[in-house]
Protein chains: 2
Amino acid sequence: MSRQADAPGSFDIDADYKPLRDRVRDELRQRIIDDVYPPGTRLIETELAAGLGVSRLPVREAIRALESEGFVKTVPRRGAVVVELSAQDVEELFDVREALEVLASRQAATRATKAELRRVRSILDRGRKALEAGDRVALGKANEAFHDEILKLSHNLLLQAVLEPLQGRLHWLLRQTGDPNDLFEEHSAWFEAIASGSADLAAERARGHARLNREIVRNLLAERQHRAPSA
Amino acid sequence: MSRQADAPGSFDIDADYKPLRDRVRDELRQRIIDDVYPPGTRLIETELAAGLGVSRLPVREAIRALESEGFVKTVPRRGAVVVELSAQDVEELFDVREALEVLASRQAATRATKAELRRVRSILDRGRKALEAGDRVALGKANEAFHDEILKLSHNLLLQAVLEPLQGRLHWLLRQTGDPNDLFEEHSAWFEAIASGSADLAAERARGHARLNREIVRNLLAERQHRAPSA
DNA sequence: GCTTAGGATCCTGTATACCGTATCCCTGAT
DNA sequence: ATCAGGGATACGGTATACAGGATCCTAAGC
């Protein structure tokens, strides 16, 4: 507190500046999510550095960041490998996601402003349009954006910080399963619960949504497992 | 494993496999928790590197790790500063902690093995003895260990990974408030709920404990605020 | 006297070069 | 076919260099 460093109005001069390590991290994360680097891929520092036209340092730091986000695992002296999400990993992901989204939803119900609610509604609309147009990619993006926005409504920065990497892995997982599911009605009902201002109702809907989502992913994984018994 | 004796020039580097960056991170984290680096302290790479007898690189990576754990905040091109936990930060910490410990407790109730329960019971005993002996430091440590163990009982690695840094900050906060509270009865009741195998009861106790703890810290902070209105 | 402009200085961000060593892979001998 | 040996590879860490933003001290200007 009493941190009066920033002038009122906060005119950040170059707020757009991002250290190279962060840009490298974002780039690598995107490549992992987009399956350019599928699970099992080794991330070799010198290779990536050369490919990206940077030195090893930013790449190293980016890899460490991705490690803490759970996208890669590094074995001492062997380097980083893109992780494969096991069935247990997926269950744990949904466990934690559920607990935190319930909290987020509960807080969102009591804290969201009208302007924020309008914004979320517009994202919901985008999803509906994508669904009607049969644009699976846009639908998937709208779904991701929806979850991100709900999180913001909670006005809980720590919650956002903790859940964000998990959402990243979740989105990654959903893309791996090739599932841009039709969750529009679900999302809509959930959102209305938040907009109603009832924390309990919002929490209940969040839990229901998380569990439905979990079931969908479980089924998709079981199906995939069935098709390709041994990898 | 056939590890040759290291050159006796520098200090003992050859302790274990842990990369240097991790040991530096642990050391710096400890110093922050122990108030060697109080909130507001700038962490200057070259300074720390020289002080620890390592190069800048491990220090940089350690600082990044501490940033993701929420102990420091780094402003681009200005470096890292030990954060001061605001009242809101504390509330958010407890919000997320409560949600996750409830989950951990619930899962622990159904998953903990007898051997694990025995181990936790022994930690509880340690706490009781420390309390009886009036050893506040030992009591604080036992309390921290208790929370860590409950977390392990959940058998949920992601949950542990997510909650661990938060526990770190919580412990830090408790030390800042100078509070080795007498939570023995509370912990004991909570533990028995887990040992009983009832997930609902365990969840309820976890929630109750988290809320009590939050109140205690709130009061301590309010008191401190009162004593020193402006820092 | 107070503010402002300049410049010196500190420190980060990034690059480059290099070393030791653990791991992997390939080859060759048994 | 198996196993040992010997590179090749790439990580972990050190050292050094340097550009440029941030900070601070000082001196000039109103």
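First the proteins, then the strands, lettered A, B, ... as listed; each starts at 1.
With sequence neighbours excluded, the residues forming a salt bridge (charged side-chain N to carboxylate O under 4.0 Å, His left out) with A/Glu101 are A/Arg97, listed by chain and number. Listed by chain and number, the residues in a ring-ring contact (aromatic ring centres under 6.0 Å, His included) with B/Phe191 amount to none (sequence neighbours excluded).
For the residue pair B/Asp148/B/Gln167, the side-chain donor-acceptor check at 3.5 Å is not satisfied. For B/His209 and B/Glu98, the side-chain atoms include no donor-acceptor pair closer than 3.5 Å.
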Please enumerate all protein N or O atoms sitting under 3.5 Å from an N or O of nucleotides 15-20 of chain D, with distances to 0.1 Å.
none

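Atom P of nucleotide C/dT12 and atom CG of A/Leu20 are separated by 17 Å, given to the nearest angstrom. Between the CD atom of B/Glu61 and the P atom of C/dG13 there is a distance of 13 Å, rounded to whole Å. In this structure, the CD atom of A/Glu45 is 8 Å from the C1' atom of D/dG12, given to the nearest Å. For the pair A/Leu43 CG and D/dA10 P, the interatomic distance rounds to 13 Å; values are reported in whole Å. Following rounding to the nearest Å, A/Arg60 (CZ) and C/dT16 (C1') show an atom-to-atom distance of 14 Å. If you take CD of A/Glu47 and C1' of D/dT9, they are 11 Å apart, rounded to a whole angstrom. The distance between atom CD1 of B/Ile44 and atom P of C/dC10, rounded to the nearest whole Å, is 11 Å.
Residues B/Val75 and A/Pro76 each lie close to DNA chain C; by heavy-atom proximity, the contact nearer the 5' end of the strand is made by B/Val75. Mapping A/Pro58 and B/Thr46 onto DNA chain C by nearest heavy atom places B/Thr46 at the nucleotide closer to the 5' end.
In this structure, of D/dG13, D/dG12, D/dA22, it is D/dA22 that holds the atom nearest to the side chain of B/Arg78.
Here salt bridge (charged side-chain N to carboxylate O under 4.0 Å, His left out) pairs that include residues 152-163 of chain A, with residues two or more places apart or in two chains, are A/Glu149-A/Lys152. Applying the salt bridge (charged side-chain N to carboxylate O under 4.0 Å, His left out) test to residues at least two apart or on different chains, the pairs with a partner in residues 41-60 of chain B are A/Glu61-B/Arg60, B/Glu45-B/Arg56, B/Glu45-B/Arg60.
OP1 or OP2 of C/dG13 sits under 4.0 Å from a side-chain N or O of A/Arg21.
For residues 62-70 of chain A, proximity to DNA chain C is found at no residue, defined as any non-hydrogen atom under 4.0 angstrom from a strand atom.
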Take B/Val162 and B/Leu100, measure what side chain to side chain contact (heavy atoms under 4.5 Å, CB included) needs, and give me the verdict at the end.
-> CA-CA 9 Å; B/Val162 169; B/Leu100 293 181; 3.7 Å; yes
Derivation and outcome, salt bridge (charged side-chain N to carboxylate O under 4.0 Å, His left out), residues B/Arg29 and B/Glu69 | CA-CA 10 Å; B/Arg29 192 200 294 112; B/Glu69 290 180 24; 2.8 Å; yes
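For an aromatic pair to be called close, the ring centres must be under 6.0 Å apart, and A/His171 with A/His147 fails this.
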